[in-house]
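Working notes for the structure below.
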Amino acid sequence: MRAVSLLFPKRTKYRKMHRGRRKGIAQAGNEVAFGEYGIQAVEPGWVTAQQIEACRTTLVRELERNARIWIRIFPDKPITKKPAETRMGKGKGDVDHWVAVVRSGHIMFELGGITREQAERAHQLVSYKLPIRTRLRERLRLGGER
């Protein structure tokens with residue numbers, strides 16, 4: 001059986017976090033910076049480490065060897081969960097999984113070295129794996145053309 005390489009931080013300052021707010025638009029990371037195409041979040045939400053890994057494997061399988069993939073999100077927020085059939089109280093539960101907080105407008109994945117049709121197909125397959133709506137963004141060329 002193959003070991004699954006899930007993303008999570010090596011160390012954190014605090015073990016548990018508040019849930020926080022998911023609403024609002026991305027202030028940074030909202031432009032395609034590395035590749036020619038980007039997969040952009042249209043709505044805010046949490047993307048788990050498992051979902052990011054599923055998207056990564058889908059992209060690697062779909063695209064050829066000369067394609068480049070950049071993952072622009074990282075799951076650094078711990079989500080806690082109390083065991084089933086546990087009474088209320090007695091503190092916050094143990095860390096269950098890790099998520100990346102994604103606000104609308106954030107570029108989550110970038111793709112390079114592929115055609116427009118390949119990018120559209122890759123976006124379609126990745127969107128099935130994600131809990132939020134996404135769209136395909138093209139990098140802006142000099143002169144403002146897409």
Side-chain angles (χ1 to χ4, degrees), residues 1-85 92-146:
M1 190 134 107
R2 214 178 96 205
V4 178
S5 63
L6 291 178
L7 295 167
F8 60 92
K10 285 187 174 70
R11 57 187 299 273
T12 56
K13 190 168 183 180
Y14 300 105
R15 286 187 309 130
K16 299 169 185 177
M17 254 189 214
H18 290 182
R19 292 175 69 84
R21 299 265 179 221
R22 284 176 265 190
K23 67 179 190 175
I25 58 171
Q27 298 296 313
N30 52 9
E31 292 295 326
V32 180
F34 302 105
E36 286 93 51
Y37 301 98
I39 297 173
Q40 184 179 41
V42 178
E43 58 189 8
W46 284 346
V47 181
T48 67
Q50 289 89 342
Q51 290 162 346
I52 295 170
E53 180 66 17
C55 293
R56 187 194 67 79
T57 56
T58 301
L59 288 171
V60 168
R61 283 183 184 155
E62 181 64 22
L63 302 175
E64 290 101 37
R65 292 206 179 275
N66 58 358
R68 293 289 313 272
I69 301 167
W70 290 269
I71 301 173
R72 300 270 312 267
I73 54 176
F74 185 80
D76 57 353
K77 183 183 187 72
I79 302 301
T80 61
K81 193 169 186 337
K82 296 199 65 137
E85 300 179 10
K92 196 168 169 76
D94 293 328
V95 173
D96 183 52
H97 60 279
W98 295 82
V99 299
V101 179
V102 176
R103 293 200 163 80
S104 60
H106 193 87
I107 303 289
M108 296 184 290
F109 303 95
E110 289 193 27
L111 311 168
I114 58 173
T115 64
R116 173 81 185 177
E117 291 75 30
Q118 288 174 312
E120 286 171 354
R121 176 68 180 148
H123 168 251
Q124 183 184 28
L125 292 173
V126 166
S127 67
Y128 295 146
K129 311 281 183 192
L130 292 169
I132 55 178
R133 290 186 299 125
T134 59
R135 70 176 179 178
L136 188 67
R137 281 282 304 271
E138 204 167 337
R139 184 183 197 142
L140 289 174
R141 307 278 184 245
L142 291 174
E145 298 174 26
R146 284 188 175 220

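In this chain, residues are counted from 1 in sequence order.
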Decide yes or no for [X] and [Y]: does some side-chain heavy atom of the first lie under 4.5 Å from some side-chain heavy atom of the second?
X      : Y      : answer
Val95  : Ile79  : no
Gln40  : Met108 : no
Leu6   : Gln50  : yes
Pro78  : Phe8   : no
Phe109 : Cys55  : yes
Ile114 : Tyr37  : yes

Working to the nearest 0.5 Å, report the span between [atom1] of [X] and [atom2] of [Y].
X     : Y      : atom1 : atom2 : answer
Ile39 : Leu136 : CD1   : CG    : 6.5 Å
Arg56 : Arg61  : CZ    : CZ    : 9.5 Å
His97 : Trp46  : NE2   : CH2   : 7.0 Å
Lys92 : Arg15  : NZ    : CZ    : 11.0 Å
Glu36 : Thr115 : CD    : OG1   : 10.5 Å
Met17 : Thr12  : CE    : OG1   : 7.0 Å

Checking side-chain polar atoms at under 3.5 Å, does Gln118 have a donor or acceptor matched by the opposite partner on Glu64?
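Note: Gln118 and Glu64 side chains meet the donor-acceptor criterion.
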Verify, without hydrogens or angle tests, whether [X] (side chain) and [Y] (backbone) share a donor-acceptor contact under 3.5 angstrom.
X      : Y     : result
Arg68  : Gly35 : no
Ser104 : Gly24 : yes
Arg139 : Phe34 : yes

Quick one: closest heavy-atom pair of [X] and [Y], and the distance?
X      : Y      : result
Leu7   : Trp98  : O-CB, 4.3 Å
Ala49  : Pro75  : CB-CG, 3.8 Å
Trp70  : Leu111 : CZ3-C, 4.1 Å
Pro44  : Lys23  : CG-CA, 4.2 Å
Ala122 : Leu63  : CB-CD2, 4.2 Å
Ile52  : Ala100 : CD1-CB, 4.3 Å

Partners of Arg103 by side-chain hydrogen bond (donor to acceptor under 3.5 Å, both in side chains), sequence neighbours excluded?
none
Just wondering, more than 12 heavy atoms not from [X] lying within 6.0 Å of its [atom1]?
X      : atom1 : result
Ile25  : CD1   : no
Lys129 : NZ    : no
Lys81  : NZ    : no

Test side chain to side chain contact (heavy atoms under 4.5 Å, CB included) on Val47 and Ile132 and set out the steps.
CA-CA 8 Å; Val47 181; Ile132 55 178; 4.3 Å; yes
Do NZ/NE/NH1/NH2 and the carboxylate oxygens of Glu31 and Arg137 come within less than 4.0 Å?
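Judged by the 4.0 Å cut-off on N to carboxylate O distance, Glu31 and Arg137 do form a salt bridge.
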Any salt bridge between Glu43 and Arg133, counting N to O under 4.0 Å?
yes
Name all residues meeting the salt bridge (charged side-chain N to carboxylate O under 4.0 Å, His left out) criterion together with Arg116; count only those two or more places apart in sequence or in a different chain, and write none if there are none.
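If we apply the salt bridge (charged side-chain N to carboxylate O under 4.0 Å, His left out) test to Arg116, skipping adjacent residues, the hits are Glu120, Glu138.
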Hey, mind stepping through Val126 and Leu59 against side chain to side chain contact (heavy atoms under 4.5 Å, CB included) and telling me if it holds?
CA-CA 7 Å; Val126 166; Leu59 288 171; 3.5 Å; yes
For a side chain to side chain contact (heavy atoms under 4.5 Å, CB included) check, start with the C-alpha distance between Ile69 and Glu110, then their side-chain angles and the critical distance, and finish with the verdict.
CA-CA 6 Å; Ile69 301 167; Glu110 289 193 27; over 6 Å; no
